Amino acid sequence: MTPRAPNVGGWGVWWRADDGRVTAFVLALLAGLLALAGLSLDGGLALASKVRSSGQAESAARAGAQALDLAAYRATGTVRLDPARARELAQRYLASIGATGTVAIAGNTVTVDVTAIYRTQLLSLVGVEAIHTHGSGAAHPQHGVTDVSLGFANSEVDSDGNSSGGGR
């Protein structure tokens, strides 16, 4: 083994004399990257959970809004809800998809609030075990389609549904 050349000007062994500073920097950088990845992953999945909760609430409200009071509709043509049946249909829909929520009926409007719990994946490493998400939706019954317009954007259509020019 040959002896090493003497350190001239202090540049020969600077990379070996770090005294652990680089290790601490790398650990801090990795912790920051892990936190950023946790926020990105769990934040995105929590947002997806909120969108899912809103969709579930809207669907449950639409299911409840189908509960018409048929006796009133047949007698007078008035569209109104049967509140007990509307609540039952909305709650049955929530149960069928495994969601939990509350159903409120006010006049002809069914309002559903859904609450979900998203269990974090990476943020649980720093103590954030779960994120609670909420979604709400409302619906009311309507009469069916009464007027059909056959017109399309940038074209002319006559009452028989035939194009009368303006096409390609």
Side-chain angles (χ1 to χ4, degrees), residues 29-168:
L29 183 66
L30 285 176
L33 287 174
L34 183 62
L36 184 62
L39 287 174
S40 299
L41 175 70
D42 288 327
L45 291 174
L47 181 61
S49 176
K50 179 171 180 51
V51 169
R52 186 180 321 106
S53 296
S54 293
Q56 291 170 341
E58 291 168 359
S59 294
R62 284 191 295 270
Q66 293 178 17
L68 295 180
D69 183 353
L70 293 178
Y73 182 70
R74 289 177 181 144
T76 63
T78 303
V79 175
R80 72 175 181 218
L81 285 176
D82 177 358
R85 190 162 171 260
R87 183 180 319 279
E88 177 193 348
L89 286 176
Q91 288 174 336
R92 189 183 310 162
Y93 179 82
L94 288 175
S96 73
I97 60 172
T100 57
T102 60
V103 178
I105 312 292
N108 265 357
T109 303
V110 179
T111 304
V112 179
D113 293 314
V114 172
T115 302
I117 298 173
Y118 166 68
R119 303 273 178 219
T120 58
Q121 296 176 12
L122 289 178
L123 289 180
S124 62
L125 298 174
V126 293
V128 180
E129 297 295 327
I131 298 173
H132 296 269
T133 59
H134 304 278
S136 63
H140 59 277
Q142 289 184 306
H143 280 285
V145 177
T146 57
D147 183 30
V148 177
S149 173
L150 297 175
F152 300 97
N154 299 323
S155 67
E156 297 177 18
V157 177
D158 61 17
S159 61
D160 294 330
N162 298 320
S163 179
S164 60
R168 294 178 197 185

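The structure presented is a predicted model; accordingly, all values stated were derived computationally and were not measured.
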Legend entry - For Ala57 against Gly137, the heavy-atom pair lying closest together: CB-N, 3.6 Å
Legend entry - Of all pairs that satisfy salt bridge (Lys or Arg N to Asp or Glu O under 4.0 Å), the ones with a partner from residues 108-120, not counting sequence neighbours: none
Inset, instruction - Please name all residues satisfying salt bridge (Lys or Arg N to Asp or Glu O under 4.0 Å) with Arg92, sequence neighbours left out, ordered by chain then number. - result: Glu88
Legend entry - Residue pairs fulfilling salt bridge (Lys or Arg N to Asp or Glu O under 4.0 Å) with at least one residue in residues 43-69, sequence neighbours excluded: Asp69-Arg80
For residues 103-112, run the donor-acceptor check on the side chains, cut-off 3.5 Å, and write out each pair with its distance to 0.1 Å, sequence neighbours left out.
from, atom 1, to, atom 2, distance (Å)
Asn108, OD1, Leu81, N, 3.0
Asn108, ND2, Val79, O, 2.9

Identify each donor-acceptor pair in which a side-chain atom of residues 31-47 lies under 3.5 Å from a protein atom, sequence neighbours left out, and give them as a table.
from, atom 1, to, atom 2, distance (Å)
Ser40, OG, Leu36, O, 3.0
Asp42, OD1, Tyr118, OH, 2.8
Asp42, OD1, Gln121, N, 3.0
Asp42, OD2, Gln121, N, 3.3
Asp42, OD2, Leu122, N, 3.0
Asp42, OD2, Leu123, N, 2.7

Legend entry - All side chain to side chain contact (heavy atoms under 4.5 Å, CB included) counterparts of Ser124, not counting sequence neighbours: Thr120, Glu129
Inset, instruction - Work out which heavy atom in Gly64 is nearest to a heavy atom in Ala86; give both atom names and the distance. - result: O-CB, 3.2 Å
Inset, instruction - Would you please name every residue forming a side chain to side chain donor-acceptor pair (under 3.5 Å) with Ser136, sequence neighbours left out? - result: none
Legend entry - side-chain hydrogen bond (donor to acceptor under 3.5 Å, both in side chains) pairs, two or more places apart, involving residues 95-105: none
Legend entry - Which atom of Ser54 lies closest to which atom of Gly135, heavy atoms considered: OG-CA, 3.6 Å
Inset, instruction - State which residues pass salt bridge (Lys or Arg N to Asp or Glu O under 4.0 Å) with Arg85; sequence neighbours excluded, sorted by chain then number. - result: none
Legend entry - Partners meeting side chain to side chain donor-acceptor pair (under 3.5 Å) with His134 (sequence neighbours left out): Thr115
